[in-house]
Amino acid sequence: MPEGVAKTAIAYHEKYAQYDLGPGHPYRGDRFPRAWEFFKKMGLLERPEVVVVRPEPAGREDLLRVHDEKYVDLIFRLSEHSRPYDWETPCSPEILEAALLITGGALAVGSKVMEGEVEKGVAMGGGFHHAGRDYGGGFCLFNDVAILAVFLKERYSLDRIMIVDHDVHAGNGTSDIFYSDPTVLFISIHQDPRTIYPGTGFVHQIGSGPGEGYNVNVPLPPGAGDESYMKVLKEVVRPLAEEFGPQLIISNGGSDPHFMDLLGSLRITARGFYSITRFLTGLADELCGGKYVLMPGSGYNPSVLPMSWYALVAGAMRLEPDGIEEPRSPPPEPDYVKKEVEKVISEIREVLKPYWRCLRA
Ligand SMILES: [Zn+2]
């Protein structure tokens, strides 16, 4: 990358705040401006290597890259009349506009990464991974992660994209969309789905047909923390990534695995978030010329969200982790949990062995 070129594009629009799912709902619209203000406070946006992108809304044709036409029509109709998709996923003209802008942000930074204008892309507010081809749910209407992957695959003739989902919930929508697609290696690391939404994302769900072996689930027991998470990255994500040889890495997940989050029961710290994206950006540097798009969007404790999103972005940008602090000290990760994680890792290696040479050694 030539010197003096902005190295990280961050997409943001003040209308993202319209993605507010109503009074009492954990998905609040002020999450976005709070994180953005914090980024400003940390001096992130004034850094010479950062370029801020104000996105255009994604078009209907972008949604149709992934979603069925009937489903897209349904969401537009529900939005027009401000009727909910399901009990926890409301629709309105404002929410729809924000969803299209957030998706547009992902497409904008993804294009810049692939064009070589920047090395890293950050699509603020992204990661609506519970939406499948013809369904939504879990606060999600359109799967911006999958739309981004398919858009870039088509536009740049890519045939090896790796998606790492580090949200506390399994990425069931993304998983379904690429379940039989060997051009997308999808790895979801999440809290054991027997204990949390969406109730799916088990080790044996490995993909089907030509995509068999390319869908990887890492269910972590409640209480799992930074140490176990890094173990998963080193012992599962790294070998698969090396053998797969991605042309681009996309990762999604916000602060809901944090130990103080209100929906999840994992024990990741803000420093842990920094380490996760620092690890993934390192993989991108090694394997695909640094090409990495981060989509931080989840998180339901407003007091830890801005710091955690900042930590994710700082890790992706390889900044020093200065100023990343916890509001209180994290609970330790119990030994029995660490043991359980080791068991999960060896189960995954066993199940995926037939498809991956690196796991047979
Ligand atoms: Zn989540």
Side-chain angles (χ1 to χ4, degrees), residues 6-60 62-63 75-76 79-80 82 89-113 117-118 120-129 131 139-145 147-148 151 167 252-256 293-314 316-317:
K7 288 187 180 162
T8 301
I10 307 183
Y12 183 75
H13 197 294
E14 63 281 358
K15 284 190 173 181
Y16 286 3
Q18 291 177 186
Y19 210 104
D20 187 307
L21 302 189
H25 196 292
Y27 202 109
R28 294 161 46 167
D30 66 350
R31 301 153 73 257
F32 308 101
R34 283 175 77 118
W36 198 244
E37 287 308 312
F38 189 79
F39 286 13
K40 280 187 193 159
K41 204 177 106 192
M42 296 299 278
L44 182 72
L45 305 178
E46 280 90 60
R47 297 184 74 93
E49 70 267 44
V50 169
V51 58
V52 175
V53 177
R54 197 180 148 86
E56 295 292 319
R60 191 181 154 81
D62 295 315
L63 307 178
I75 296 303
F76 274 70
S79 297
E80 199 184 326
S82 294
T89 314
C91 301
S92 71
E94 293 75 26
I95 293 170
L96 177 63
E97 188 183 19
L100 297 178
L101 280 168
I102 292 170
T103 306
L107 300 181
V109 297
S111 304
K112 284 185 184 301
V113 167
E117 281 179 50
V118 296
K120 317 292 177 202
V122 178
M124 288 286 282
F128 293 92
H129 60 164
F139 320 160
C140 305
L141 299 175
F142 301 119
N143 192 317
D144 52 345
V145 186
I147 293 169
L148 172 65
F151 170 78
D167 191 277
N252 68 276
S255 62
D256 62 9
V293 178
L294 167 69
M295 308 175 78
S298 69
Y300 307 100
N301 181 341
S303 67
V304 294
L305 184 147
M307 172 69 80
S308 301
W309 286 20
Y310 173 78
L312 286 162
V313 175
M317 290 177 64

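For this chain, numbers begin at 1 and follow the sequence in order.
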Classify the ring geometry between [X] and [Y] as parallel (under 30°), tilted (30 to 60°) or perpendicular (over 60°).
X	Y	result
F139	H25	perpendicular
Y19	F128	tilted
F39	W36	tilted

Charged N-O contact under 4.0 Å between E117 and K112: yes
Residue pair [X] / [Y], side-chain heavy-atom distance below 4.5 Å:
X	Y	value
L63	F76	yes
V53	I10	no
P55	Y16	yes
Y12	R54	no
C91	L141	yes
K120	L294	no

Where [X] and [Y] come nearest, the two heavy atoms and their spacing:
X	Y	result
P26	Y300	O-CD2, 3.4 Å
G29	D20	N-OD2, 2.9 Å
R31	R28	CD-O, 2.6 Å
M124	I102	O-CG2, 3.9 Å
K40	E46	O-OE1, 4.0 Å
G254	S298	N-OG, 2.9 Å

Rounded distance (nearest 0.5 Å) linking atom [atom1] of [X] with atom [atom2] of [Y]:
X	Y	atom1	atom2	answer
I95	L100	CD1	CG	12.0 Å
N143	L148	CG	CG	10.0 Å
S308	F38	OG	CZ	9.0 Å

M317 vs V50, side-chain contact (heavy atoms from CB on, under 4.5 Å): CA-CA, chis, key distance, verdict: CA-CA 9 Å; M317 290 177 64; V50 169; 3.5 Å; yes
Other residues, nucleotides, ligands: >12 heavy atoms within 6.0 Å of E56 CD: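 Not more than 12 within 6.0 Å, no.
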No-hydrogen, no-angle side-chain donor-acceptor test under 3.5 Å, T103 and D144: no
Residues forming a side-chain contact (heavy atoms from CB on, under 4.5 Å) with Q18, sequence neighbours excluded: K15, E94, E97, A98
From CA spacing to verdict: side-chain contact (heavy atoms from CB on, under 4.5 Å), D62, L107: CA-CA 9 Å; D62 295 315; L107 300 181; 3.5 Å; yes
Positive for side chain to side chain contact (heavy atoms under 4.5 Å, CB included) with T8, one of V118, V122, V51, V113: V122
Test of ring centre spacing under 6.0 Å for H13 and F32: no
E37 vs R34, side-chain contact (heavy atoms from CB on, under 4.5 Å): CA-CA, chis, key distance, verdict: CA-CA 5 Å; E37 287 308 312; R34 283 175 77 118; 6.0 Å; no
